[in-house]
Trainee: 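What follows is a single structure, and I will ask about it in a moment.
By convention here, the first residue in the shown sequence is residue 1. Note that these values count all heavy atoms, side chains included, but never hydrogens, waters or copies made by symmetry.
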Amino acid sequence: MSVSNLSNGIAVIRSFLKTAPTAPGVYRMLDKNGDVLYVGKAKHIQKRVTSYTQVARLNNRLQRMVSATHSMVFVTTRTEAEALLLEASLIKRFKPTFNVLLKDDKSFPYILLRTDHEWPQITKHRGARRYKGHYFGPFASAGAVNRTLNTLQKVFQLRSCTDSTLDTRTRVCLLYQIKRCSGPCVGKVPKDEYADMVGETRAFLEGRNTDIQKKFASAMQDASDALEYEAAAIFRDRLNALTQIQSHQTMVNAMVDEADVIAAAKVGGQVGIQLFFFRAGQNWGHRAYFPKHDKSDSTSSVLAAFIAQFYDNKPAPKNILISHKVDEQDLLAAALTERMDRKVHITVPARGKKYDTVKEAIRNAKEAVERKLAETASQTKLLDGVAEKFDLEAPPGRIEVYDNSHIQGANAVGGMVVAGPDGFMKNSYRKFNIKDEDLAPGDDFGMMREVMRRRFSRLIKEDEDRSRGHWPDLLLIDGGRGQLSSVMETLEELGVNDVAVVAISKGPDRNAGREQFHMPGRQTFTMPLNDPVLYYLQRLRDEAHRFAIGSHRARRKSDIKKSPLDGVPGIGPKRKKALLHHFGSAKAVVGADVRDIESVDGISRAIAQKIYDHFHE
């Protein structure tokens, strides 16, 4: 950071102060490429932006940000709470360099009790709420949902099959035989009894467990008194399953019915956040997060940024219990209240059972950070080893691994996986559907050339000055000398000559552990069988192989579903259905003449000629 750059940045900010709004809102700082450096919110935008021109009050991080600023954008809002919500949304969208970033923001699974069918279905759900029914969650993981669903099947025996499966079954399935479904598909349960089961399931998921236990216990006793021991045994098993799921709920008695517990801990400059979900008086799992932030950021500031970003696209519960008091805590609660259209409380428990629960979450957060740091240290050691083995100037910060997958050239796909100091970077994975029609089937060298050409042509176009961190330090190619030559020729044509390239092949008899490594200007070499760096490189290669095969299978599955009629211009779903009903198959349509095609309802002479010409060019 030079003094002149800092002066230029301050001059830019001062020039924008002339038009900066005096209302609440959000401001963005942009670099010379138009990329967002920072997103901030303010009650009075002009006053807040003015503070960036007072150099003496800026720490080193903010001075670097100001030095890189070339432009600014302002957006006003009605209230400061609205500005806070907009800020969180824009941070997640633009991922600015100088903001605290929530890196892992996957959607959470829910349990869905669908009510849009006469026989309601219970199933796992993730994504948009497009079905009519009751959603229960979030659960911390798919495993937590599956365990709960397993128990619900034992206790309440609602169907989990799809509507199409239900409508087409003529005999009971295995789930019915093992007493995990009541068999509505073949009339094994009356509708009113099934409706009672639906109500009981909903009551359980809403936390009304005591009433259900009393009902089952009473039914079991009545069946036993009537000497109906098989019926009594069914209610006994359902009671046992209900007790089992309740015994797995830890810390429940300390909690209100609906709350998230969010605790933060800082170790070695890294803040880790532990999140526990409590719904309906039950613990529905926990998850650890490691936001990207500057080492100078305080624990409370990282926690505040996490809360705002986490609930940007997820429903907030009635209560959020946190480990540290954060700046503008009341404003954050007001913003979430406004968004949810009901009261949301954010509190820091100081005593009692809630405090004990938060302490437990803090301990989990601390242990998670310590594990993360240990893994990072191990990863750093491996990357040092990679640099040493391949004579690199420094440990690679970004490794791209490539592999191709196809069956005799059909549905060919190239896969790219990315790894770095924090492990696999799955949001950077890319697949390349091979498009070159001139390639001979199974031409692996040609496929690799196409993948490299497309990848680096785009990289040169989007990040020519390499300021965005998207350029790899090392390319690892699954293949031998032939693939290596194809890659090197393509890179040379594009003028890329400063990226290290290594090809890895299976070696004699394709035995794992005897891999051979190929590099330009260097003899083929191997590594000792017990070398940790070899294991690491095998893991990278295997991940690329898995990703490429998965992409190929998805493409092949998609193609299998396609009909030859899909590509005919002017043929929509209705005409395609009429043709298939008339001829029996798409193959028969391909072999038909114009007069036969014209005889189909809804097909004119002109359309019939167009269909015939499409298949007989």
Trainee: List the steps and the verdict of ring pair (Phe, Tyr, Trp, His ring centres under 6.0 Å) for His286 and Phe277.
Mentor: CA-CA 6 Å; His286 59 92; Phe277 299 105; 9.4 Å; no

Trainee: Hey, are Glu375 and Arg371 close enough for a salt bridge, meaning a charged N less than 4.0 Å from a carboxylate O?
Mentor: no

Trainee: Test your reading of the model: is there a side-chain donor-acceptor pair from Asp391 to the backbone of Ala387, 3.5 Å cut-off?
Mentor: no

Trainee: Determine whether Leu474 and Val499 make a side-chain contact, defined as any pair of heavy atoms from C-beta on separated by less than 4.5 Å.
Mentor: no

Trainee: Do Glu543 and Arg541 sit within salt-bridge range, that is, some charged N less than 4.0 Å from a carboxylate O?
Mentor: no

Trainee: Between Arg453 and Glu489, does any side-chain N to carboxylate O distance fall below 4.0 Å?
Mentor: no

Trainee: With sequence neighbours left out, what residues match Phe432 under ring pair (Phe, Tyr, Trp, His ring centres under 6.0 Å)?
Mentor: none

Trainee: So does Arg466 pair up with Asp498, basic N to acidic O under 4.0 Å?
Mentor: yes

Trainee: Roughly how far, to the nearest 0.5 Å, is CG of Leu475 from OH of Tyr402?
Mentor: 5.5 Å

Trainee: Quick one: sort the Tyr38 and Tyr27 rings into parallel, tilted or perpendicular, breaks at 30° and 60°.
Mentor: tilted

Trainee: Tabulate below the donor-acceptor pairs under 3.5 Å that side-chain atoms of residues 320-327 make, not counting sequence neighbours, or state none.
Mentor:
residue	atom	partner	partner atom	Å
Ser323	OG	Ala264	N	2.9

Trainee: Hey, do the aromatic rings of Phe108 and Phe310 have their centres closer than 6.0 Å?
Mentor: yes

Trainee: What's the spacing between Leu336 CG and Leu85 CG if we round to 0.5 Å?
Mentor: 6.5 Å

Trainee: Is any NZ, NE, NH1 or NH2 atom of the basic residue among Lys366 and Glu370 found under 4.0 Å from an Asp or Glu carboxylate oxygen of the other?
Mentor: yes

Trainee: Pairing donors with acceptors under 3.5 angstrom, does anything connect the side chains of Asp260 and Tyr311?
Mentor: yes

